[in-house]
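First the structure, in the form of structure tokens, and then the observations on it.
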Amino acid sequence: TSLIYIMVNDMNKPKKILIIEDEKTLARALELKLTRVGFEVKTVFNGEDGLALLQEETFALIILDLIIPKMDGFTVLKNLEIKNIKTPVMILSNLSQENDIKRIKEFGIKEFFIKSNTPIATIAERVMKLLK
């Protein structure tokens with residue numbers, strides 16, 4: 001009976017999201033919004049910390065900026081491939097040049113938002129559709 005209880009209880013745990021974003025105001029606003037709608041959210045402000053956390057914990061989704069300190073988003077994506085971490089990634093960046101978008105697509109990323117053009121509510125709605 002206790003085993004069944006644990007399994008049922010585990011299914012009710014909130015899905016975990018990792019935000020790797022160096023703009024602290026945006027990261028915190030996104031974290032608050034996603035927490036409010038029922039996700040467990042961890043935020044780091046550089047690529048190295050993000051990659052380290054991904055090796056310790058499992059997440060349902062990564063929200064990743066491309067221009068971040070210590071290790072840029074493209075290097076994080078490359079490391080995810082190398083380490084065989086299959087967590088889905090949503091890109092949130094102001095890089096919108098054609099060659100940047102092409103590189104993002106080469107990593108198999110389908111979710112891409114331009115920060116300056118996308119309200120937090122829109123991002124949160126998309127996350128809910130992906131994970132609920």
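Start at 1 with the first residue, then count along the sequence. Here the structure is a predicted model, which means the values were calculated and not measured.
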Quick one: does NZ or CZ of Arg126 land under 6.0 Å from the six-membered ring centre of Phe113, within 45 degrees of the ring axis?
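Here Arg126 fails the 6.0 Å and 45° test against Phe113.
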Kindly work out whether a path of hydrophobic side-chain contacts (I/L/V/M/F/W/Y, heavy atoms less than 4.5 Å apart) joins [X] to [Y].
| X | Y | answer |
| --- | --- | --- |
| Ile123 | Ile109 | no |
| Ile20 | Leu80 | yes |
| Val76 | Val41 | no |
| Leu18 | Leu66 | yes |
| Leu54 | Leu34 | no |

At their closest point, which heavy atom of [X] faces which heavy atom of [Y], and how far apart are they?
| X | Y | result |
| --- | --- | --- |
| Ala27 | Phe45 | CB-CE2, 4.1 Å |
| Glu21 | Leu92 | OE1-O, 4.2 Å |
| Pro14 | Gly38 | CB-O, 3.1 Å |
| Arg103 | Phe107 | O-CD1, 3.2 Å |
| Ser116 | Asn94 | N-OD1, 2.9 Å |
| Ala60 | Pro88 | O-CD, 3.3 Å |

Can a donor-acceptor pair be found, under 3.5 Å and without considering hydrogens, that links the side chain of [X] to the backbone of [Y]?
| X | Y | answer |
| --- | --- | --- |
| Lys15 | Leu131 | yes |
| Thr35 | Glu31 | yes |
| Thr75 | Met71 | no |
| Asn46 | Asp22 | no |

With a 4.5 Å heavy-atom cut-off, do [X] and [Y] have their side chains touching?
| X | Y | answer |
| --- | --- | --- |
| Ile91 | Val89 | yes |
| Met90 | Leu130 | yes |
| Asp100 | Phe74 | yes |
| Val127 | Phe39 | yes |
| Lys42 | Phe59 | yes |
| Ile63 | Glu111 | no |

Hey, is [atom1] on [X] packed in by over 12 heavy atoms from elsewhere, all under 6.0 Å?
| X | atom1 | value |
| --- | --- | --- |
| Gln55 | CD | yes |
| Lys33 | NZ | no |
| Glu57 | CD | yes |

With rounding to the nearest 0.5 Å, note down the distance linking [atom1] in [X] to [atom2] in [Y].
| X | Y | atom1 | atom2 | result |
| --- | --- | --- | --- | --- |
| Ile85 | Ile62 | CD1 | CD1 | 7.0 Å |
| Glu23 | Leu30 | CD | CG | 11.5 Å |
| Thr43 | Asp49 | OG1 | CG | 11.5 Å |
| Ile17 | Ile19 | CD1 | CD1 | 7.0 Å |
| Leu64 | Leu77 | CG | CG | 5.5 Å |

Could you check whether Glu40 pairs with Lys13 (Lys NZ or Arg NE/NH1/NH2 to Asp/Glu carboxylate O, under 4.0 Å)?
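No, this pair does not count.
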Does Ala52 have any side chain to side chain contact (heavy atoms under 4.5 Å, CB included) partners at least two apart in sequence or in another chain, and if so, which?
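Listed in chain order: nothing, the list is empty.
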Determine, stepwise, if the pair Ile120 / Leu26 fulfils side-chain contact (heavy atoms from CB on, under 4.5 Å).
CA-CA 8 Å; Ile120 294 215; Leu26 173 65; 3.6 Å; yes
Could you walk me through whether Lys115 and Asn117 satisfy the side chain to side chain donor-acceptor pair (under 3.5 Å) test, starting with their C-alpha distance in whole Å, then the side-chain angles of each, then the deciding distance to 0.1 Å, before giving a yes or no?
CA-CA 5 Å; Lys115 277 196 259 189; Asn117 301 350; over 6 Å; no
Yes or no on salt bridge (charged side-chain N to carboxylate O under 4.0 Å, His left out) for Lys102 and Glu106, after CA distance, side-chain angles and deciding distance?
CA-CA 6 Å; Lys102 185 175 173 256; Glu106 284 168 4; 3.4 Å; yes
